Amino acid sequence: MLDLRVLRTDPDSVRTGLTRRREPLGSFEKALELDRRVRAAQSERDELRAGVNALSKQVGELHREGRGDEAAELQAESRRHGEHEKVLDSEVARIQQEIREILLRMPNLPAAECPDGADERDNVVLRVENFDPDAYGEHQRVPHWDTGAELGILDVERATKMSGAMFVLYRGLGARLGRALVQTALDRNGDAFEELRPPTLVRTDTMVSTGHLPKFVDDAYHLERDDLWAIPTAEVPLTSLARDEILDEAVLPMRLMAHTSCFRREAGSAGRDTRGLLRVHEFDKVELLAYTTPEQAGAMHDEILARAEGLIADLGLAYRILDLCTGDLGNSSARTWDIEVYAPGADQWLEVSSVSWFTDYQARRANVRYRPAAGKGTNVVHTLNGSALAVPRVWAAIVETHRQPDGSIRLPDVIHPYCGGLTRIPGPDG
RNA sequence: GGAGAGGUGGCCGAGUCAGGUUGAAGGCGCUUCCCUGCUAAGGAAGUAACUGCCGUAAGGUGGUUCGUGGGUUCAAAUCCCACCCUCUCCGCCA
């Protein structure tokens, strides 16, 4: 959520930011106009209230002194003030609610460094690593859904029987591979990030805090009976860890990570990338998240990217880093770097991590503040996060990239400690 | 699912049964100062958030906030109604 005071005091920079996002300005202009009206009404209401408060105090004193007649006169006068005040107050409350509804649906402003652009075609490729399109052999050009069925490590048919399309079932060493990836990701970031295992079902407020509600309600699974939401990412519960809290500056930056299941309805993507693991309704992910001061945010953004990228590199995958343009930026983000891995069998670049800086957009919704060590008052923190590892697409890229001519899958060195002594998934002939 | 208790400031915790200088006692924590060779102990003062208006600013001034929303009243932490949440016991259960 944007700061209403910024809208008020620096409307041009808000217009510029929204325009860079290709966002229409209608709701912004409306919020500005409502803000003007509500402040006028508020001033008038507050004056009336001040009058009522003063009169009430006098009434109290008169009663104590036994001067009931004089008190009755003041009471009548106060009642008249009160009636007018009530009308203004409901007006104020109504407009404030309207402003909030608008602000909750307005996106964050892009960072100054964020490249301009209309859609994903304008994203800037910062670098491409470990990628040579001519270096892949025929044995690597097999999609993971074929290999997965051949080796019995991925059973899409059975998953569909259980849960429907776009759910998957890992079996045997396929399940083991996913677990090894999760543990690798957790352990290599445990040096600095506190491991949490939060709930995967959360309240509405928790979803609103990150920006997943109200605007993207169709993307989320909702358990109507209990009014709980299945989290689309651990970012959701982790961002609410400090909701409505005031942190000491000394505890910042606060680094958190969590492995959870993630649930996405993928409402707008029916029919796209539906093969195998490219797009699924439920998957496992290890998420890194940090609360920081505004000054610490830049370094933290770099750190989370470096950690996510380091693991992908160590897994021996080809990947590229994208600087998302203003038109492709997520609603809550001010700047996002995507890591995409290359899957040679599917011949596609797969997004495996979005490393995002949300400035104070989410923290204002979640009301997470900190007390500066010097100075007074409170400031809103910044939040940042990124996937350390999302299982399905990394699993797919490993199975395709590391497929050997004999049909076996070589397991990357970094996950060996979690593979029970195995260094490869045997091919179809054993 | 059944029964009960409870939600007050950064934290703990009075106040609610008799509505009125209660933004709210007391304590803890924190800040500054004094004392002190250092530490501990002790003494003094200060210490909520949000928000409107005025001010370049420091600050001043008004309003709101005792779970949430509504009601009664000149006046509500205190009375009434609804809802939400938390905890305890019982039941069930990995």
Side-chain angles (χ1 to χ4, degrees), chain A residues 1-10 31-101 103-104 197 199-209 213 223-229 237 240-252 254 261 291 360 363-381:
Chain A
M1 186 159 66
L2 299 178
D3 186 350
L4 188 55
R5 271 170 301 191
V6 171
L7 265 65
R8 198 146 72 204
T9 55
D10 194 6
L32 263 192
E33 170 57 26
L34 288 172
D35 179 54
R36 273 191 287 272
R37 277 168 48 194
V38 80
R39 273 153 59 221
Q42 203 175 334
S43 290
E44 200 179 338
R45 179 201 63 183
D46 286 353
E47 275 178 40
L48 285 167
R49 277 191 182 166
V52 169
N53 288 343
L55 285 170
S56 295
K57 205 167 269 186
Q58 289 178 41
V59 168
E61 283 165 15
L62 289 172
H63 275 302
R64 261 195 304 280
E65 293 165 13
R67 297 153 70 186
D69 293 352
E70 293 170 62
E73 281 175 40
L74 293 183
Q75 284 175 23
E77 186 184 349
S78 185
R79 197 178 303 126
R80 284 194 298 276
H81 282 249
E83 276 159 17
H84 189 192
E85 186 262 1
K86 215 171 225 178
V87 174
L88 281 170
D89 187 46
S90 66
E91 173 83 352
V92 167
R94 192 182 55 76
I95 299 177
Q96 278 175 338
Q97 183 57 30
E98 207 175 332
I99 292 173
R100 184 172 165 80
E101 298 286 337
L103 288 181
L104 280 178
R197 180 47 258 227
T200 35
L201 298 179
V202 297
R203 293 193 174 134
T204 299
D205 284 348
T206 305
M207 289 284 280
V208 170
S209 292
L213 292 178
L223 283 74
E224 197 172 339
R225 186 184 165 105
D226 296 293
D227 194 18
L228 289 168
W229 303 82
S240 280
L241 184 80
R243 192 168 76 218
D244 294 321
E245 291 186 25
I246 300 173
L247 307 170
D248 279 334
E249 184 176 354
V251 306
L252 302 175
M254 188 186 285
S261 294
Y291 297 111
D360 58 6
R364 180 165 292 106
R365 288 168 165 254
N367 192 28
V368 181
R369 292 166 291 170
Y370 71 97
R371 268 181 220 291
K376 50 182 165 181
T378 59
N379 292 337
V380 180
V381 304

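On a predicted model such as this, the values are computed, not experimentally measured, just so you know. Residue numbers start from 1 in every chain, and the chains themselves are labelled A, B, ... in the order their sequence lines are given, proteins ahead of strands.
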**Q** Work out how far the C1' atom of B:G20 is from that of B:G26, and round it to whole angstrom.
**A** 23 Å
**Q** B:G15 and B:G2: how far apart are their C1' atoms, nearest whole angstrom?
**A** 33 Å
**Q** Please list, chain by chain and in numerical order, all residues satisfying side chain to side chain contact (heavy atoms under 4.5 Å, CB included) with A:A31, sequence neighbours excluded.
**A** A:L7, A:I102
**Q** Using the heavy-atom set of chain A and a strict 4.0 Å cut-off, write down the first and last nucleotide of RNA chain B that makes it in, 5' to 3'.
**A** B:G10 to B:U86
**Q** Considering only the P atoms, how many Å lie between B:C17 and B:C11, rounded to the nearest integer?
**A** 26 Å
**Q** Which of residues 74-92 of chain A have a heavy atom under 4.0 Å from RNA chain B?
**A** A:Q75, A:S78, A:R79, A:K86
**Q** Under the salt bridge (charged side-chain N to carboxylate O under 4.0 Å, His left out) definition, can you give me all pairs with a residue in residues 69-83 of chain A, not counting sequence neighbours?
**A** A:R67-A:E70
**Q** Determine the Euclidean distance between corresponding C1' atoms of B:G43 and B:U36; express it in Å to zero decimal places.
**A** 12 Å
**Q** Looking at residues at least two apart in the chain, or sitting in another chain, which of them share a salt bridge (Lys or Arg N to Asp or Glu O under 4.0 Å) with A:E249?
**A** none
**Q** When the C1' atoms of B:G7 and B:A77 are compared, how many Å lie between them, rounded to an integer?
**A** 12 Å
**Q** Answer yes or no: is there a donor N or O on one side and an acceptor on the other, between the side chain of A:R365 and the main chain of A:V208, under 3.5 Å?
**A** yes
**Q** Which residues pass the salt bridge (Lys or Arg N to Asp or Glu O under 4.0 Å) test with A:R5, sequence neighbours left out?
**A** A:D3
**Q** With sequence neighbours left out, write down each residue that passes side chain to side chain contact (heavy atoms under 4.5 Å, CB included) with A:E101, or none if nothing qualifies.
**A** A:Q97
**Q** Atom CZ of A:R369 and atom CG of A:N379: how far apart are they, to the nearest 0.5 Å?
**A** 10.5 Å
**Q** Which residues pass the side chain to side chain contact (heavy atoms under 4.5 Å, CB included) test with A:D205, sequence neighbours left out?
**A** A:R243
**Q** Hey, does A:N53 reach any base, or is it just sugar-phosphate, or nothing, if we go heavy atoms under 4.0 Å?
**A** sugar-phosphate
**Q** Mind checking side-chain hydrogen bond (donor to acceptor under 3.5 Å, both in side chains) for A:R36 and listing every partner two or more places apart, or none if nothing turns up?
**A** A:E33
**Q** Using side chain to side chain contact (heavy atoms under 4.5 Å, CB included) as the criterion, list what pairs up with A:D35, not counting sequence neighbours.
**A** A:L4, A:R8, A:V38, A:R39, A:I99
**Q** If you measure from the P atom in B:U64 to the same atom in B:U56, how many Å do you get, rounded?
**A** 28 Å
**Q** By nearest nucleotide on RNA chain B, pick out whichever of A:R8 and A:R45 is the more 5' one.
**A** A:R8
**Q** Please, what dot-bracket string fits RNA chain B when only Watson-Crick and G-U pairs with both distances under 3.5 Å count, crossing ones use [ ] and pairs to another strand use |?
**A** ((((((((.[[[..)....(.....]]]((((((.......))))))(((((((....))))))).[[[[[..)....]]]]])))))))....
**Q** Between A:G60 and A:R49, which is nearer to the 5' end of RNA chain B once each is assigned its nearest nucleotide?
**A** A:G60
**Q** side-chain hydrogen bond (donor to acceptor under 3.5 Å, both in side chains) with A:D360: which residues, sequence neighbours excluded?
**A** A:R364
**Q** Roughly how far apart, to the nearest Å, are B:U65 and B:G71 at atom P?
**A** 13 Å
**Q** For atom C1', what is the distance between B:U88 and B:A94, given to the nearest Å?
**A** 22 Å
